[in-house]
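Worksheet for the structure shown next.
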Amino acid sequence: MHTKIKKLRIERHFSQVEMARRLNVARQTYLDVETGKSDIKVNRLLDICSILDVSPLYLLLSDDDARLRQLRFFEGHELTNEINRRLEDAQKYYEKARNDTRNSAVA
């Protein structure tokens, strides 16, 4: 997963410093994610996916993973759509909670 994150970051012309800034973490913390030295929590994964404009499933599954081929085959399938809806709901919930936390810190 970390190699995909790095590849996507480079394709989108983001520096490590820019990614760290967008994630509100130190550059070294982001570097540890990108090099696979640290695990990625769900909320961080959702943030990275949002910044890089990719699905969490894309990052979680390897390109040669049979499950990814099945998901591509079943694109538009009801189960795939449900998984994507739930991931989107989780991301919206997290973003709302993060914004609520920021707003309460300002107040």
> Can you tell me how far OG of S15 sits from CZ of R9, rounded to the nearest 0.5 angstrom?
Replying inline: 7.0 Å
> Under the side chain to side chain contact (heavy atoms under 4.5 Å, CB included) criterion, do L46 and K41 qualify, and how do the steps go?
Replying inline: CA-CA 9 Å; L46 293 174; K41 305 272 189 230; over 6 Å; no
> Any idea which heavy atoms bring D47 and L23 closest together, and the distance?
Replying inline: CB-CD2, 3.4 Å
>> To check you understand the geometry: which heavy-atom pair defines the closest contact between R44 and V25, and what is its length?
In response: NH2-CG1, 3.3 Å
> Does a side-chain heavy-atom distance below 4.5 Å link T29 with S38?
Replying inline: no
> Any idea which heavy atoms bring T35 and D32 closest together, and the distance?
Replying inline: OG1-O, 3.5 Å
> Is there a side-chain contact between L8 and F14, using heavy atoms and a 4.5 Å cut-off?
Replying inline: no
>> Under a 3.5 Å distance rule, please check whether R27 uses its side chain to pair with a backbone N or O of V17 as donor and acceptor.
In response: no
>> A side-chain contact here means heavy atoms from C-beta on lying under 4.5 Å apart; do K7 and E11 qualify?
In response: yes
> If you look at every heavy atom in L52 and I5, which pair is closest and at what distance?
Replying inline: CD1-O, 4.0 Å
> Which distance, rounded to the nearest 0.5 Å, do you find between the NZ of K4 and the CD1 of I48?
Replying inline: 13.5 Å
> Nearest heavy-atom pair of L31 and Q16: which atoms, and what distance?
Replying inline: CD1-NE2, 3.3 Å
>> How long is the straight-line distance from CD of E34 back to CD1 of I40, given to the nearest 0.5 Å?
In response: 10.0 Å
